Amino acid sequence: MLDIRALRQAGEEITAQLARRGFAFDLDAFRALDAQRKQADVQSQDLQARRKAASKEIGKLVQSGMDVDEAKAKVAAILDEIDAQLESEVARAEGINSQLHELLLGVPNAPQDDVPDGKSEDDNVEVRRWGTPRKFDFEPRDHVDVGESLTDGKIDFERASKLSGARFAVMSGTLARLHRALVDFMLDMHTTQHGYQEVYVPFLVGPEALRGTGQLPKFEQDLFKIEGERELYLIPTAEVPVTNLVAGEIIEADAMPLKFACHTPCFRSEAGSHGRDTRGMIRQHQFEKVEVVQMVRPENSHQALEDLTGHAEAVLQALGLPYRVVILCTGDIGFSSSKTYDIEVWLPTQNTFREISSCSNFLDYQARRMQARWRNPETGKPELLHTLNGSGLAVGRTLVAILENYQNADGSVTVPEALRPYMGGLETLGAR
RNA sequence: GGAGGGGUGGCUGAGUGGCCGAAAGCACCGGUCUUGAAAACCGGCGACGGGCGACCGUCCGUGGGUUCAAAUCCCACCCCCUCCGCCA
């Protein structure tokens with residue numbers, strides 16, 4: 001949520017920033033509603049103040065010895081007059097306030113100044129590259145062909161579809177183990193080298209948590225909602241439960257920054273992506289991800305985004321997978337984010353880079369929605385903190401990248417050295 | 001699932017109808033003292049919203065209700081704890 005005070009003071013600038021990302025903020029409507037709100041607030045608060053004073057007067061009179069009924073009679077006329085308007089005025093003010101709140105919940109974050117203009121992912125700007133794509137002396141096969149033809153464990157989409165329909169995968173044997181090894185490897189790296197604390201969290205969350213990070217109210221169609229008495233959703237990313245750990249809390253300054261690493265499955269309906277990436281494991285309804293999340297002092301969040309992106313890159317470097325980092329343009333950036341770097345891994349059979357991590361700085365946008373604060377020692381006051389998160393990494397897509405980049409002419413796949421300790425020393429998948 | 005206890009400020013915890021946005025302690029901030037620190041003493045110190053300000057409003061788990069007046073009484077719900085049962 002944007003700061004309503006900033007919107008009052010600098011409405012034109014913020015409206016212009018929002019326009020860059022294609023969001024038409026109706027400043028006049030906002031101002032009209034805010035003016036109504038002010039008028040209604042003042043009016044209802046004035047009535048409440050007068051009523052309170054009259055009521056206190058009764059208390060005083062009774063205490064100075066007057067009979068209760070007599071005291072009530074003295075102010076009855078005033079109370080009657082106030083009560084005639086009070087209820088409707090308070091209701092009107094509450095109505096306008098919640099209308100204003102809902103309006104603000106639907107407004108995306110404003111992009112930072114250094115986020116490039118653009119309409120779609122085609123306008124994202126490459127920041128840097130790492131690694132050199134391998135030259136194959138045979139025709140490389142895509143991860144589906146490779147994964148399905150492994151001999152001691154494989155990918156099985158047919159059976160997955162029997163169980164759950166399209167966009168699910170079954171994995172077995174050494175391939176399933178590689179998938180699990182990736183999770184361990186990533187978590188170990190973030191916790192031992194990058195200073196994150198591992199957390200385990202619920203995979204089902206209530207609507208408040210989703211509201212806090214920004215998936216609700218606007219993007220309910222992207223979520224899987226559970227049938228039942230309780231209103232629960234499957235998490236689309238660990239960002240939701242992990243970031244909301246600090247919802248409604250005031251974090252002491254010496255505990256900052258908070259840095260969490262978390263492995264969870266992620267569930268996405270993929271509504272609106274029909275026909276995209278239908279082959280293979282690129283886009284699934286269920287996938288594993290190791291997420292890194294930070295809660296930092298506001299002045300540190302820009303540096304924190306650079307650090308966090310580096311932490312995700314370190315995983316790809318350790319695995320020897322070529323990648324590039326792009327900064328998302330205003331047309332491609334996520335709803336709650338003020339600035340996002342995507343990390344894209346090289347996929348030889350697509351002859352291109354594909355997203356494997358998304359690292360974002362939300363500034364105080366999520367913190368305001370969830371009332372996550374820290375105590376600033378300079379002012380002694382609770383202030384909104386800044387939140388960031390990034391994939392470190394998407395496990396399924398990392399597996400895809402390994403299958404494609406590490407495949408051999410005989411159909412086997414070399415296990416990246418960094419993963420061998422997690423595979424009982426196994427060096428190759430599919431070797432007889 | 002059964003029985004009981006409880007949700008109050010950053011923390012602990014008092015408060016059973018008006019003088020309560022709320023005692024006290026801790027923590028924190030400022031000061032006195034001290035070479036410095038600690039201790040002691042003095043003062044300050046909840047959050048949110050509105051107003052240039054004096055101030056005003058809201059908030060004692062959530063939502064209703066009773067009352068001129070609710071942290072306090074009533075109802076419903078949520079959550080936590082203890083014991084019993086069941087269970088991966």
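Note that the structure is a prediction, hence the values are computed from the model and not measured. Below, chain A is the first sequence line, B the second, and so on; all start at residue 1.
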Legend entry - No-hydrogen, no-angle side-chain donor-acceptor test under 3.5 Å, A:Ser336 and A:Asn109: no
Inset, instruction - Any strand is fair game: report the nucleotide pairing with B:rA3 by Watson-Crick or G-U wobble, both distances under 3.5 Å, or none. - result: B:rU82
Inset, instruction - Could you check which of B:rG50, B:rG57, B:rG18 has an atom nearest any side-chain atom of A:Ser55? - result: B:rG18
Legend entry - Pairing partner (Watson-Crick or G-U wobble, both distances under 3.5 angstrom) of B:rG25: B:rC11
Inset, instruction - Write down the distance separating the P atoms in B:rG61 and B:rG10, rounded off to the nearest Å. - result: 13 Å
Legend entry - A:His263 and A:Tyr200 aromatic centres sub-6.0 Å: no
Inset, instruction - Could you check which residues of residues 74-103 of chain A get a heavy atom under 4.0 Å from RNA chain B? Sort them by number, please. - result: A:Leu79
Legend entry - Nucleotide nearest A:Pro382 (side chain, heavy atoms from C-beta), chosen from B:rA47, B:rG10, B:rG50: B:rA47
Legend entry - Short side-chain N/O contact from A:Lys38 to OP1 or OP2 of B:rG51, under 4.0 Å: yes
Legend entry - Base-pairing assignment for B:rU32 (Watson-Crick or G-U wobble, both under 3.5 Å): B:rA40
Inset, instruction - Compute the centroid of each ring, for A:Tyr365 and then for A:His386, and state whether the two points are separated by less than 6.0 Å. - result: no
Legend entry - Proximal nucleotide (of B:rC68, B:rG21, B:rC79) relative to the A:Val68 side chain: B:rC68
Inset, instruction - Could you measure between the two C1' atoms, the one in B:rC68 and the one in B:rG49, and give it in whole Å? - result: 27 Å
Inset, instruction - Indicate whether any N or O donor in one side chain lies under 3.5 Å from an N or O acceptor in the other, for A:His285 and A:Glu270. - result: no
Inset, instruction - Determine the Euclidean distance between corresponding P atoms of B:rU12 and B:rC20; express it in Å to zero decimal places. - result: 24 Å
Inset, instruction - Could you work out which one of B:rC68, B:rU58, B:rC79 sits closest to the side chain of A:Arg230? - result: B:rC79
Legend entry - Between A:Ser98 and A:Glu102, a side-chain donor and acceptor under 3.5 Å: no
Inset, instruction - Select from A:Asp41 and A:Gly59 the residue whose nearest nucleotide in RNA chain B is closer to the 5' end of that strand. - result: A:Gly59
Legend entry - Contact under 4.0 Å: A:Gln45 side-chain N or O vs B:rG49 OP1/OP2: no
Legend entry - B:rA47 OP1/OP2 closer than 4.0 Å to side-chain N/O of A:Arg373: no
Legend entry - Residue matched to B:rC77 through Watson-Crick or wobble contacts both under 3.5 angstrom: B:rG61
Inset, instruction - Could you please name the option among B:rG50, B:rU58, B:rG21 that lies closest to any side-chain atom of A:Lys56? - result: B:rG21
Inset, instruction - Please measure how far the P atom in B:rG85 lies from the corresponding atom in B:rG2, and state the result in whole Å. - result: 16 Å
Legend entry - B:rG50 OP1/OP2 closer than 4.0 Å to side-chain N/O of A:Arg8: yes
Legend entry - Phosphate contact (B:rG49 OP1 or OP2) by A:Arg5 side-chain N/O below 4.0 Å: yes
Legend entry - Flag for A:Tyr233-A:Glu220: side-chain donor and acceptor within less than 3.5 Å: yes
Legend entry - Modelled atom types, side-chain donor and acceptor of A:Glu198 and A:Thr191, under 3.5 Å: no
Legend entry - Nearest-nucleotide 5' precedence on RNA chain B, A:Lys60 against A:Glu252: A:Glu252
Legend entry - Presence of A:Lys381 side-chain N/O under 4.0 Å of B:rA47 phosphate oxygens OP1/OP2: yes
Legend entry - Polar side chain donor-acceptor pair, A:Arg92 to A:Gln85, under 3.5 angstrom: no
Inset, instruction - Could you work out the separation of B:rA70 and B:rA27 based on their C1' atoms and round it to a whole Å? - result: 31 Å
Inset, instruction - Both distances under 3.5 Å, Watson-Crick or G-U wobble: report the partner of B:rU67, or none. - result: none
